[in-house]
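Only one structure is covered here, and it is reproduced in the block below.
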Amino acid sequence: MRDIRAAVCREFGAALDIQTLRLAAPGPGELQVDIDAVAICHSDISFAEGAWGGPLPAVYGHEAAGRVAAVGPGITAYRPGDPVIVTLIRSCGACPSCAGGHPVRCEGHSAPEGPLSDADGQPVAQGLKTAAFAEAVTVHHSQVAPIPESLDAEAACLLACGVITGFGAVMNTARVWPGANVVVIGAGGVGLNVIQAAAIAGARRIVAIDLSEAKLADAETFGATDGVLATDAKPHRAVRQLTGGRGADFVFVTVGAIPAYEAAPRYLAPGGTMVMTGMPASGAMARYEPVIFAAAGQGMVGSLMGDTVLKRDIPALLDWHARGRLKLHELISGRYPLERINDAIAASKAGLVRRNVIVMGADAA
Ligand SMILES: [Zn+2]
Ligand SMILES: [Zn+2]
């Protein structure tokens with residue numbers, strides 16, 4: 001047990017509260033990691049607003065980097081001091097999904113009791129299996145991946161969700177081929193990574209669609225070949241023109257907005273696939289015409305956390321970054337101390353940021 005400061009959600013929709021909690025020592029197969037940096041992901045905001053329910057009080061935060069503080073029994077691959085990223089991908093390694101190479105869809109049961117409690121000994125939920133809006137976390141070893149000493153934590157933490165969600169959607173779920181035409185709806189934290197990945201995959205046209213001119217300009221610096229405003233009278237017509245009249249082989253929906261989901265099929269080429277990474281609130285419904293999907297041989301597929309396999313995908317991303325092909329630092333728009341996490345969340349919701357990062361020990365000024 002040790003005391004840590006954490007940003008606690010006690011009521012959906014209310015500001016997070018910085019409190020001192022108790023964090024359990026790592027048990028068998030677990031590690032404790034001191035968090036150096038944790039990014040604000042849209043999923044954290046949706047949870048804190050109550051979009052998907054879940055127990056309270058809770059600590060969210062799942063896009064983190066830091067150093068191993070302690071290892072539990074049976075852990076030999078890590079030692080205290082090792083720099084790592086921490087993700088929400090917890091996998092048992094033995095269920096049909098894990099054995100089939102899809103740890104993101106692990107069917108194993110997670111521990112009923114998390115490692116967090118408050119000063120009175122009452123349990124506090126480990127949100128997103130991580131609870132990284134805190135000075136330290138205790139997590140299963142499968143949730144951790146090593147990073148080099150040379151990569152700073154505030155850039156590395158982005159690999160834990162935003163980057164792998166975008167890259168994995170392109171590389172693992174869609175398997176975008178060289179010469180494919182790609183549309184990316186939403187040029188935010190995940191969308192910019194879909195764009196960088198589509199460029200590495202050799203896509204022909206990469207068309208970003210967003211409500212903001214500033215974000216379309218951003219998208220071009222990450223590799224988009226074109227930008228179309230979602231508020232144009234006929235954005236699908238613009239996409240058809242850019243793609244030789246065919247439409248896109250892949251349409252990535254990277255935002256959780258229903259209008260984005262309902263517009264997406266209109267951008268598809270014959271045989272095209274809509275790839276769904278944006279997460280609307282539970283119960284939200286979208287409408288589309290099944291006859292068009294059936295007649296045009298089109299499809300839709302969900303992509304959670306980019307169907308990432310940490311041990312396979314993180315080393316590749318680190319190499320691309322080292323060779324200058326994958327932007328990380330450029331994804332950061334603001335740095336905040338933990339005490340100002342509510343400001344970081346408010347700025348993220350305002351929509352003009354790429355990723356805001358909480359840097360532990362940063363100046364509260
Ligand atoms: Zn996330
Ligand atoms: Zn499993």
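- Side chain of Q298 to main chain of A269: a donor-acceptor pair is present (N/O by atom type, distance under 3.5 Å, no hydrogens or angles).
- A chain of hydrophobic side-chain contacts below 4.5 Å, direct or via other Ile, Leu, Val, Met, Phe, Trp or Tyr residues, connects I18 to L23.
- Without hydrogens or angle criteria, T165 side chain to V190 main chain gives no donor-acceptor distance under 3.5 Å.
- In this structure, D34 contributes its side chain and A69 its backbone to no donor-acceptor pair below 3.5 Å.
- Residues Q32 and R2 bring a donor and an acceptor atom of their side chains to less than 3.5 Å of each other.
- For the pair D232 (side chain) and K234 (backbone), a donor-acceptor distance under 3.5 Å is absent.
- The closest donor-acceptor contact from the side chain of R240 to the backbone of Y267 lies at 3.5 Å or more, if one exists at all.
- Under the 3.5 Å distance criterion, the side-chain polar atoms of H140 are matched with a main-chain donor or acceptor of S142.
- Ring-centre distance between W177 and F250: below the 6.0 Å cut-off.
- The line from NZ of K129 to CZ of R90 is 6.5 Å long, rounded to the nearest 0.5 Å.
- R22 pairs with exactly one of D120, D118, D3 by the side chain to side chain donor-acceptor pair (under 3.5 Å) rule, that one being D3.
- A distance-only check finds a donor-acceptor pair linking the side chain of T243 to the backbone of G247 [under 3.5 Å].
- Under a cut-off of 6.0 angstrom, the local environment of CE in M1 is crowded, with over 12 non-hydrogen atoms contributed by other residues, nucleotides or ligands.
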Inset, instruction - Carefully, step by step, assess C157 and I85 under the rule side-chain contact (heavy atoms from CB on, under 4.5 Å). - result: CA-CA 6 Å; C157 71; I85 59 166; 5.8 Å; no

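- Looking at T87 and H62, their side chains never come closer than 4.5 Å, going by heavy atoms from C-beta outward.
- Within the 4.5 Å cutoff, the side chain of V251 has no heavy atoms near those of the V275 side chain.
- Put simply, the side chain of Y288 does not reach to within 4.5 Å of the side chain of E262, judged on heavy atoms.
- Closest approach of Y78 and A145 over heavy atoms only: OH-CA, 3.8 Å.
- Side-chain contact between P148 and L151 is present, with heavy atoms from C-beta onward closer than 4.5 Å.
- No side-chain donor-acceptor contact under 3.5 Å links E135 to the backbone of I4.
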| task | Applying side-chain contact (heavy atoms from CB on, under 4.5 Å), run through I341 and Y336 and close with a yes or a no. | result | CA-CA 7 Å; I341 189 167; Y336 296 79; over 6 Å; no

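- Aromatic ring centres of F133 and Y60 lie farther apart than the 6.0 Å criterion allows.
- In this structure, SG in C41 is found 8.0 Å from CG in L128, a value given to the nearest 0.5 Å.
- Within 6.0 Å of atom CZ in F293, more than 12 heavy atoms from other residues, nucleotides or ligands are found, so the atom counts as buried in its surroundings.
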- Item | Working for side-chain contact (heavy atoms from CB on, under 4.5 Å), residues K327 and F222 | CA-CA 8 Å; K327 292 179 163 60; F222 279 77; 3.8 Å; yes

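- Across A160 and A64, no two heavy atoms sit closer than the pair CB-N, 3.7 Å.
- Nearest heavy atom pair, residue L116 against residue A131, reads CD1-CB, 3.7 Å.
- Each of W320 and V309 belongs to its own hydrophobic cluster when Ile, Leu, Val, Met, Phe, Trp and Tyr are linked at side-chain heavy-atom distances under 4.5 angstrom.
- Criterion: ILVMFWY side-chain heavy atoms under 4.5 Å apart, direct or through other members. Under it, L192 and I40 are part of a common hydrophobic cluster.
- Interatomic distance, OG1 of T225 versus CD of E220, reported as 8.0 Å (0.5 Å rounding).
- For the atom pair CZ of R323 and CG of L318, the computed distance is 12.5 Å after rounding to the nearest 0.5 Å.
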query: Taking it one step at a time, do T130 and V86 satisfy side-chain contact (heavy atoms from CB on, under 4.5 Å)?
result: CA-CA 8 Å; T130 315; V86 183; 3.7 Å; yes

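- Residue I147 comes nearest to A156 through the heavy atom pair CD1-CB, 3.5 Å, listed as atom of the first residue, atom of the second, then distance.
- Here the CZ-CE distance, from R287 to M285, works out to 10.0 Å after rounding to the nearest 0.5 Å.
- Under the 4.5 Å side-chain contact rule for hydrophobic residues, I185 and I292 do not share a cluster.
- With a 4.5 Å cut-off on side-chain heavy atoms, I209 and V183 count as touching.
- With hydrogens and angles ignored, the 3.5 Å screen pairs no side-chain donor or acceptor of R335 with any backbone N or O of I358.
- Residue R312 qualifies as enclosed at atom CZ: its count of foreign heavy atoms under 6.0 Å is above 12.
- Contact detail for A219 and I195: the closest heavy-atom pair is CB-CD1, 3.7 Å.
- Using a 4.5 Å heavy-atom cutoff, the side chains of H102 and R105 are in contact.
- Shortest non-hydrogen contact noted between L16 and A48 is CD2-CB, 4.5 Å.
- At most 12 heavy atoms of other shown residues, nucleotides or ligands fall within 6.0 angstrom of atom CD in E213.
- A donor-acceptor contact under 3.5 angstrom links the side chains of S97 and E107, judged on distance only.
- Looking only at side-chain heavy atoms (C-beta outward), V228 and H236 stay at 4.5 Å or farther from each other.
- Once rounded to the nearest 0.5 Å, the distance linking CG of L158 with CD of E330 reads 10.5 Å.
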task: Would you check, one step at a time, whether the test side-chain hydrogen bond (donor to acceptor under 3.5 Å, both in side chains) holds for S348 with N356?
output: CA-CA 7 Å; S348 300; N356 277 325; 3.3 Å; yes

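- I332 is connected to L326 through a chain of hydrophobic side-chain contacts under 4.5 Å among Ile, Leu, Val, Met, Phe, Trp and Tyr, so both are in one cluster.
- Inspection of the N172 and D313 side chains reveals an N or O donor paired with an N or O acceptor under 3.5 Å.
- For the pair L56/R10, no side-chain contact is recorded, criterion being any heavy-atom separation below 4.5 Å from C-beta on.
- The backbone N or O of S303 lies less than 3.5 Å from no partner atom in the side chain of T277, so there is not a single donor-acceptor pair.
- A salt bridge links E63 with R355: the closest approach of a Lys/Arg side-chain nitrogen to an acidic carboxylate oxygen falls below 4.0 angstrom.
- The salt bridge (Lys or Arg N to Asp or Glu O under 4.0 Å) contacts involving residues 195-208 comprise R205-D226, where partners must be two or more places apart or lie in separate chains.
- The side-chain contact (heavy atoms from CB on, under 4.5 Å) test with Q196 singles out one residue from I206, L331, V170, and that residue is L331.
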